[in-house]
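One structure below.
The figures that follow rest on heavy atoms only: side chains count, while hydrogens, waters and symmetry mates do not.
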Amino acid sequence: LKTAQYNPRESVATYSNAMDVGTPSNFDRLQAIFGGSCEEMKNMIAGEVVTDEQTLQTMQRYYQEHKVFLDPHTAVGVLAAERRRASGDKSEMIVLGTAHPGKFLEVVKEATGVLPDLPERLAAVLEKKGHADPIFPDVADLRAYLLEKFAGQVI
């Protein structure tokens with residue numbers, strides 16, 4: 001948005017793993033929506049960069065000040081909105097928390113020193129043992145696996 005140059009890059013691991021994508025598929029959609037005009041895009045979209053340390057600090061601050069647990073993704077959105085507001089932006093802003101902090105227990109514990117209570121359904125999922133069946137990245141192998149695994153079931 002600053003340079004009007006789109007330069008896809010490798011993904012970078014952060015605490016906000018859904019935001020780690022270096023080549024976001026959404027960008028093509030945004031270009032289509034704005035008719036390929038970076039200027040039009042800049043009129044409606046602002047970008048922010050939030051480091052892992054800033055994410056932790058925001059999570060810690062919200063817990064200390066409001067006794068609210070934020071997941072890392074929400075903390076990024078909250079800090080970005082706070083920065084926009086501090087820059088004088090008076091537009092309406094809504095930050096939606098889309099993940100339960102319990103999905104990021106290690107990060108929440110690092111930020112706040114406390115683990116959040118988990119909803120029953122999330123606690124039940126986290127108690128389950130993980131399992132993976134390796135298959136080759138081939139459509140025929142995937143089809144054979146699915147037919148074998150789910151033979152006779154309606155899915």
Worksheet item: How long is the span from the CE atom in Met44 to the CD1 atom in Ile33, to the nearest 0.5 Å?
Response: 9.0 Å

Practice prompt. Hey, could you give me each pair passing salt bridge (charged side-chain N to carboxylate O under 4.0 Å, His left out) that has a residue in residues 133-153? Not counting sequence neighbours.
Written response: Asp133-Lys149

Worksheet, complete the sentence: dist Phe150:CZ -> Tyr145:OH (nearest 0.5 Å) comes out at 6.0 Å

Discussion item. Test question: given the 4.5 Å side-chain rule for I, L, V, M, F, W and Y, name all other residues clustered with Leu118, or answer none.
Written reply: Leu105, Leu115, Leu122, Leu126

Worksheet item: So how far is it from Tyr62 OH to Gln57 CD, rounded to the nearest 0.5 Å?
Response: 14.0 Å

Worksheet entry | Closest non-hydrogen atom pair, Ala46 against Leu1 | C-CD1, 4.0 Å

Worksheet item: If you take all heavy atoms of Met59 and Ala111, which pair is closest and at what distance?
Response: CB-CB, 3.7 Å

Fill in: Under the side-chain contact (heavy atoms from CB on, under 4.5 Å) test, residues paired with Glu120 that sit two or more places apart
none

Item to complete: Identify the heavy atoms of Gln64 and Lys67 that sit nearest to each other, and give their distance.
Response: O-NZ, 4.0 Å

Please tabulate, one pair per line, all N/O donor-acceptor pairs under 3.5 Å involving side-chain atoms of residues 15-22, not counting sequence neighbours.
| from | atom 1 | to | atom 2 | distance (Å) |
| --- | --- | --- | --- | --- |
| Tyr15 | OH | Glu110 | OE1 | 3.0 |
| Tyr15 | OH | Glu110 | OE2 | 3.2 |
| Ser16 | OG | Pro72 | O | 3.4 |
| Asn17 | OD1 | His73 | NE2 | 3.4 |
| Asp20 | OD1 | Thr14 | N | 3.2 |
| Asp20 | OD1 | Thr14 | OG1 | 2.4 |
| Asp20 | OD2 | Thr14 | N | 3.1 |

Fill in: Separation between CD of Gln60 and CG of Leu70, rounded to the nearest 0.5 Å
12.0 Å

Discussion item. Applying side-chain contact (heavy atoms from CB on, under 4.5 Å), can you list everything that pairs with Ser87, at least two apart in sequence or on another chain?
Written reply: Arg84, Asp89

Discussion item. Do Phe104 and Val50 land in one hydrophobic cluster if side-chain heavy atoms of ILVMFWY residues count as linked below 4.5 Å?
Written reply: no

Discussion item. Please determine whether side-chain contact (heavy atoms from CB on, under 4.5 Å) holds for the pair Tyr63 and Val108, giving the CA-CA distance in whole Å, both sets of side-chain angles, and the decisive distance to 0.1 Å.
Written reply: CA-CA 10 Å; Tyr63 182 73; Val108 171; over 6 Å; no

Fill in: Side-chain H-bond candidate by donor/acceptor type, Asp71 with Thr74, under 3.5 Å
yes

Fill in: Derivation and outcome, side-chain contact (heavy atoms from CB on, under 4.5 Å), residues Met41 and Phe27
CA-CA 11 Å; Met41 199 181 295; Phe27 190 76; 4.3 Å; yes

Discussion item. Applying a strict under-4.5 Å side-chain criterion to I, L, V, M, F, W and Y, I'd like to know whether Val76 and Val68 cluster together.
Written reply: no

Discussion item. Does Asn26, at its CG atom, have more than 12 non-hydrogen atoms belonging to other residues, nucleotides or ligands within less than 6.0 Å?
Written reply: yes

Discussion item. My understanding is that only residues two or more places apart in sequence, or in another chain, count here; which of them pass side-chain contact (heavy atoms from CB on, under 4.5 Å) with Arg9?
Written reply: Val12

Worksheet item: Distance from Ser25 atom OG to Leu30 atom CG, nearest 0.5 Å?
Response: 10.0 Å

Worksheet item: Minimum heavy-atom separation for Phe69 to Pro101, with atom names?
Response: O-CG, 3.5 Å

Worksheet item: CD1/Ile135 to CG/Leu142 distance, rounded to the nearest 0.5 angstrom?
Response: 4.5 Å

Worksheet item: Is any side-chain heavy atom of Gln54 less than 4.5 Å from a side-chain heavy atom of Arg83?
Response: yes

Discussion item. Could you walk me through whether Lys42 and Glu39 satisfy the salt bridge (charged side-chain N to carboxylate O under 4.0 Å, His left out) test, starting with their C-alpha distance in whole Å, then the side-chain angles of each, then the deciding distance to 0.1 Å, before giving a yes or no?
Written reply: CA-CA 5 Å; Lys42 285 165 52 170; Glu39 287 305 313; 3.5 Å; yes

Worksheet entry | Under 3.5 Å donor-acceptor, His100 side chain and Gly102 backbone | yes

